Amino acid sequence: MTGFLLLTVIYIAFISLGLPDALLGVSWPLMHVEFNAPISMAGWIFMTIAAGTILSSLLSGRLLERFDTKQVTFGSGLVTAMCLLGFYAAPSLIWLFVLSIPLGLGAGAVDAALNHYVAENYKAHHMNWLHCFWGVGATGGPLVMAGVLTESGWRDGYLIVALIQFALAFLLLLSFPLWKRENKTEPSPLERQETAVTALERKMPKGLSYALATFLLYCGIEALIGLWASSYLVQMKQFSVATAATWVSIYYGSITLGRFLSGFLSFRFTNRQMIRLGQTLALIGSLVFLIPATGAMLVGLIFIGLGLAPIYPSMLHETPQRFGKERAKRLMGFQMAFAYTGSTFLPPLFGLIVSQTSLGLFPLVTVLIMLGMLWNTERLNLIMHQPSKEELT
């Protein structure tokens with residue numbers, strides 16, 4: 001019963017993780033008018049939040065060595081709630097930038113901490129379903145904002161989400177007795193022998209560079225498609241804005257549905273098999289998207305979403321098996337920092353490229369990134385020549 005209650009709390013926490021993610025984009029059309037700011041300023045606020053998220057992801061390993069996951073999660077949730085409340089009350093644009101720093105720091109720390117805890121203590125299907133619930137939160141945030149924009153303005157949307165985050169922090173505090181006690185003692189001589197590595201290997205474990213590149217490319221392509229697919233369909237294929245937006249919604253819906261289905265598939269397949277299956281399906285989808293027929297393009301976009309779905313959760317869950325439990329706490333944060341870097345910088349980099357060339361490059365770039373992601377994963381699998389513990393059972 002205790003395990004079920006804790007898992008319920010973690011599922012709720014993942015919904016909460018997604019709630020604030022899309023608030024800025026939905027509310028900015030009103031916010032920039034109130035603050036007399038150019039519409040492009042949203043990008044700089046987003047980058048400030050992302051910088052804090054990347055930094056806290058890199059430092060999350062040190063936090064988890066000093067504090068338990070429940071403490072990091074509670075503290076991060078409380079900081080996030082306070083920052084969202086600050087957005088609600090912000091008197092000027094400069095306050096949005098000031099608050100964006102701790103908002104990003106809180107988001108990165110709790111994300112890395114929870115993913116590490118789930119990878120250590122739960123099966124792969126829970127990792128897939130938990131990230132599916134993150135999608136529920138990411139969808140729910142804009143719905144909350146949309147419900148108040150026409151009546152009360154954007155501030156009430158931030159207030160509602162802030163109150164939800166405060167409620168979650170209180171729930172996390174009440175759940176402290178449910179969490180598994182994490183061992184902070186020194187490892188035994190046998191454990192030290194099993195995890196002994198040179199100073200160089202401690203900094204760069206075998207195959208880590210390929211894992212980091214895969215995380216960067218995965219989150220980069222997921223965000224790139226979400227940001228630029230609509231513009232490509234409107235400008236290059238003469239779709240209406242409403243139709244293009246619907247297609248992007250279908251893309252995100254495919255990812256959410258794919259993660260739900262991946263939870264069941266993970267009973268049958270290992271993490272490595274799920275990653276390879278997902279990357280192959282996403283690559284096939286990107287190739288189908290190249291076909292100019294409307295039906296083929298829609299099928300391709302759905303295949304891309306379904307293919308991307310299991311990759312990120314499975315890579316996170318595989319971390320302790322790839323690099324060992326002793327390293328996993330720090331490496332989880334490093335991997336997520338590279339993931340955030342990809343989602344932060346690849347979409348604007350593509351925008352810079354197409355500003356000098358053509359948006360028609362979108363399908364080709366998608367195929368190239370899919371190939372790069374698959375190549376890095378297969379290189380990592382070759383380096384990790386010993387089968388994972390999951391495959392031995």
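Everything quoted here is computed from the prediction, not taken from an experiment.
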Evaluate Trp179 against Leu172 for side chain to side chain contact (heavy atoms under 4.5 Å, CB included), listing each step before the verdict.
CA-CA 10 Å; Trp179 292 74; Leu172 286 167; 4.2 Å; yes
Min side-chain heavy-atom separation Leu316-Met336 under 4.5 Å:
yes
Can you find a heavy atom in the side chain of Tyr210 that is under 4.5 Å from one in the side chain of Thr377?
no
May I ask you to decide if Met315's main-chain N or O and Thr319's side chain share a donor-acceptor pair within less than 3.5 Å?
yes
What's the spacing between Leu6 CG and Asn121 CG if we round to 0.5 Å?
8.5 Å
Below 4.5 Å, heavy atoms only, C-beta onward: do Trp28 and Met41 meet side chain to side chain?
yes
Nearest heavy atoms of Leu283 and Leu374, plus distance in Å
CD2-CD2, 4.2 Å
State whether the side chain of Arg259 and the backbone N or O of Phe133 hold a donor-acceptor pair below 3.5 Å, judged by distance alone.
no
Atom pair OG/CG of Ser175 and Leu5 - distance to nearest 0.5 Å
9.5 Å
Rest of the hydrophobic cluster containing Leu352 (Ile/Leu/Val/Met/Phe/Trp/Tyr, side-chain heavy atoms under 4.5 Å)?
none
Under a 4.5 Å cut-off applied to non-hydrogen side-chain atoms, are Phe350 and Leu359 in contact?
yes
Phe170, CZ: over 12 other non-hydrogen atoms inside 6.0 angstrom
no
Would you please test Thr214 and Gln279 for side chain to side chain contact (heavy atoms under 4.5 Å, CB included) and show each step?
CA-CA 11 Å; Thr214 305; Gln279 290 180 344; 3.8 Å; yes
Glu222 and Ser343 side chains, donor-acceptor separation under 3.5 Å:
no
Can you get from Val98 to Leu24 by hopping between Ile, Leu, Val, Met, Phe, Trp and Tyr side chains that sit under 4.5 Å apart?
no
Using the rule given for side chain to side chain contact (heavy atoms under 4.5 Å, CB included), can you reason through Ile54 versus Phe338, listing the C-alpha separation, both sets of side-chain angles and the distance that settles it, and then say yes or no?
CA-CA 8 Å; Ile54 293 169; Phe338 270 74; over 6 Å; no
Is the Trp129 ring parallel, tilted or perpendicular to the His125 ring (thresholds 30°, 60°)?
perpendicular
Ignoring hydrogens, what is the shortest heavy-atom contact between Ala339 and Cys219? Give both atom names and the distance.
O-CB, 3.1 Å
Between Gly263 and Asn128, the two heavy atoms sitting closest are N-CB, 3.7 Å
Does some side-chain heavy atom of Asn115 sit less than 4.5 Å from a side-chain heavy atom of Phe14?
yes
Short question: side chain of His32, backbone of Ala37 - any donor-acceptor pair under 3.5 Å?
yes
To the nearest 0.5 Å, what is the distance between CD1 (Ile164) and CD1 (Ile12)?
12.0 Å
Take Met82 and Leu78 through the side chain to side chain contact (heavy atoms under 4.5 Å, CB included) test and state the conclusion after the steps.
CA-CA 6 Å; Met82 294 172 65; Leu78 190 61; 4.3 Å; yes
Non-hydrogen atoms of Trp154 and Met31 that approach each other most closely:
CD2-CG, 3.4 Å
Working to the nearest 0.5 angstrom, can you tell me the gap between Leu217 CG and Leu224 CG?
11.0 Å
Any idea how Tyr312 and Tyr218 line up, ring-wise: parallel (<30°), tilted (30 to 60°), or perpendicular (>60°)?
parallel
In this structure, would Leu216 and Leu349 fall into the same cluster of hydrophobic residues linked by side-chain contacts under 4.5 Å?
yes
Check whether any side-chain heavy atom of Arg322 sits under 4.5 Å from a side-chain heavy atom of Asn271, and report yes or no.
no
What are the two closest heavy atoms between Gln165 and Ala81, and how far apart are they?
CB-CB, 3.5 Å
CD1-CD1 distance between Ile15 and Ile10, expressed to the nearest 0.5 angstrom:
13.0 Å
Side-chain heavy atoms of Thr366 within contact of Ile225, under 4.5 Å:
yes
Nearest-0.5 Å distance that lies between atom CG in Leu308 and atom OG in Ser286:
9.5 Å
Scanning both residues in full, the closest heavy-atom pair of Pro363 with Tyr232 reads CG-OH, 3.3 Å
Would you say the side-chain atoms of Tyr11 and His126 include a donor-acceptor pair closer than 3.5 Å?
yes
For Thr80, the option from Leu103, Leu19, Leu105 that meets side chain to side chain contact (heavy atoms under 4.5 Å, CB included):
Leu103
Are Val79 and Phe176 linked, directly or through intermediate hydrophobic residues, by side-chain heavy-atom contacts shorter than 4.5 Å (ILVMFWY only)?
no
Donor-acceptor contact present, side-chain Ser314 to main-chain Pro310, <3.5 Å:
yes
